[in-house]
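First the structure, in the form of structure tokens, and then the observations on it.
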Amino acid sequence: MDLKNQLLFTKDLKKHFAPRQGFLDRVQTFFPEWRATRTSVKKVWANLSQPVTAVDGVSLSIGEKEVVGLVGESGSGKTTLGRLLVRLIPATAGEITFNGVQITELSQSQMRDHRQSIRMMFQKPGTILNPKLTIQQILLEAIEVHSHHGDLFELISMVNLPENTLHQYPNDLSGGLQRRVTIARTIVGNPKLIIADEPVAGLDVSIQAQIINLMKQIHQNHGIAYLLISHNLKLIQYLSSRILVMYQGRIIEQGTTHEISKKCCHPYTIDLLKAANYDLNAMNLVPSTAEKNDDKNGCPYRFDGCPIYESGKVNRQKCDNETPNPADISKTHRVACHYHDFSEI
Ligand SMILES: Nc1ncnc2c1ncn2[C@@H]1O[C@H](COP(=O)(O)OP(=O)(O)OP(=O)(O)O)[C@@H](O)[C@H]1O
Ligand SMILES: [Mg+2]
């Protein structure tokens, strides 16, 4: 793929979070002997003392006007990746290029020029919208920051927000209307890319459908590219033309929606698909029960019930010792599994 034509691409992006040292020190002060005696506490302690690798070498690309879905279980690093892309948090390593400019090292003031073009829609609108401002004030503030000449009434009609909500406060509105406000706020100034983190989480199924259709309509009318983050694979399949599957900080499979839905070959993706078909209504995948694998070598999915590994029919040493690198299956389909062509699962 010619990356020069891509709106956004990353190279080997990483994010490590330091251990929560302040918290650890306080626990140690108050309960010195707990650390030594209780096995479960010891385990928690060991986990908290480890730096967390939330994003572990992600290379991805998003084209102009493209809708790309990012799916993965809770804790796999989706939100962290989104926050890295909009430079809300600094990367530990790697590069981000947006609109032809390497933005990884830009200062916050240099980033200002790009803030209008690449925007993030956060997971919980209720906590993002200032409860002390009316909807009108919230939207006018966004217009002033991002566009200066935007029209408030045009904006609310774009997201089908009733006019009588303008004088209400966020907490007076239902979850669906709050979502419409956040969408309106995000599209002010016509950005090139919106990173939408769990855009319909917490909404009733019928409201979810309305918001999904609104997002689709905005994409079609304004050609805004989306990176849609969700653990709801059905939603991702419906809206995206390409899907990235994330597991423990890595993109373990990516391809067109057709390739991922019909020809996926990573056992984790196969599990996601089975689960999505099992419960069609906005299911939440439970977090991995696997112990966090600190062993830098080997495939992390082998600890999480990988059916290929557990079948005993492959050379497990390879899974134990070598982290699989993404391999090309087609021009658009890529998978990180040593035995992706194993046909018996
Ligand atoms: N500020 C932070 N400090 C330390 N660890 C963090 C921080 N933010 C995220 N993490 C850790 O990074 C990992 C990835 O978290 P992240 O929120 O990106 O996952 P996610 O895929 O968005 O999960 P969810 O689907 O539940 O929203 C988790 O192990 C999380 O505990
Ligand atoms: Mg998240």
Side-chain angles (χ1 to χ4, degrees), residues 10 13-27 43-58 60 68-94 96 119-128 175 179 182 186 194-203 208 226-237 239-240 243-254 266 268-269 271-272 275-276 279 282-296 300-301 303-304 336:
T10 70
L13 200 59
K14 293 189 181 169
K15 181 67 188 176
H16 303 309
F17 288 109
R20 290 159 174 164
Q21 199 56 52
F23 172 70
L24 290 177
D25 291 346
R26 254 174 290 151
V27 176
K43 230 174 179 179
V44 172
W45 189 278
N47 271 337
L48 284 171
S49 337
Q50 294 295 324
V52 178
T53 304
V55 173
D56 194 7
V58 165
L60 57 76
V68 177
L70 176 65
V71 69
E73 66 189 3
S74 189
S76 55
K78 305 179 299 295
T79 298
T80 306
L81 180 58
R83 295 171 75 211
L84 285 173
L85 297 180
V86 294
R87 289 284 321 275
L88 270 178
I89 50 172
T92 309
I96 308 164
R119 306 265 275 280
M120 184 145 180
M121 222 164 75
F122 293 94
Q123 207 159 341
K124 294 185 186 128
T127 56
I128 297 302
R179 262 293 157 203
T182 48
T186 316
I194 292 177
I195 296 170
D197 195 1
E198 299 288 1
V200 297
L203 299 176
Q208 285 188 14
Y226 290 136
L227 177 65
L228 285 176
I229 300 178
S230 181
H231 41 241
N232 183 340
L233 186 57
K234 285 275 161 199
L235 159 74
I236 296 278
Q237 284 171 312
L239 281 174
S240 320
I243 298 178
L244 314 174
V245 183
M246 197 163 186
Y247 179 75
Q248 291 199 6
R250 300 194 177 114
I251 306 291
I252 50 99
E253 184 159 13
Q254 61 175 296
H266 196 290
Y268 177 69
T269 317
D271 268 357
L272 278 186
D279 179 0
M283 63 165 295
N284 290 342
L285 293 164
V286 290
S288 160
T289 49
E291 297 264 327
K292 188 93 178 162
N293 170 26
D294 298 322
D295 185 357
K296 287 274 176 279
Y301 195 48
F303 293 120
D304 213 358

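All values derive from a computational prediction rather than experimental measurement. Every number for a ligand or one of its atoms is a count from 1 in the order of the listing.
Closest heavy-atom approach to atom 12 (O) of ligand 1 among the candidates Gly77, Ala54, Pro51, Gly82: Ala54.
In this structure, the side chain to side chain donor-acceptor pair (under 3.5 Å) partners of Ser230, at least two apart in sequence or on a different chain, are Glu198. Residues passing the side chain to side chain donor-acceptor pair (under 3.5 Å) test with Tyr301, sequence neighbours excluded: Asp271. Thr269 meets the side chain to side chain donor-acceptor pair (under 3.5 Å) test with Glu253; sequence neighbours excluded.
The shortest non-hydrogen separation linking Leu227 to Leu85 is CD2-CD1, 3.7 Å.
Of the options Asp56, Leu70, Val55, a side chain to side chain contact (heavy atoms under 4.5 Å, CB included) to Ile251 is made by Leu70 and by none of the others.
At least one N or O atom of Thr80, backbone or side chain, sits closer than 3.5 Å to an N or O atom of ligand 1.
Contact atoms of ligand 1 toward Val52: 11 (C), 12 (O), 29 (O) (distance under 4.0 Å to a heavy atom of the residue). Those atoms of ligand 1 with a heavy atom of Ser76 less than 4.0 angstrom away are 19 (O), 21 (O). Taking every heavy atom of Ser74 and a limit of under 4.0 angstrom, the matching atoms of ligand 1 come to 23 (O), 24 (P), 25 (O), 26 (O). Within the listing of ligand 1, atoms 21 (O) sit less than 4.0 angstrom from a heavy atom of Glu73. Taking every non-hydrogen atom of Gln123 and a distance limit under 4.0 Å, the qualifying atoms of ligand 1 come out as 27 (O). Near His231, with a cut-off below 4.0 Å to any heavy atom, the atoms of ligand 1 are 25 (O).
Put simply, the side chain of Phe122 does not reach to within 4.5 Å of the side chain of Thr182, judged on heavy atoms. At least one side-chain heavy atom of Pro90 sits under 4.5 Å from a side-chain heavy atom of Lys15.
Around the Mg ion (ligand 2), the protein contributes the following N, O or S atoms at distances under 2.8 Å: Thr79 OG1.
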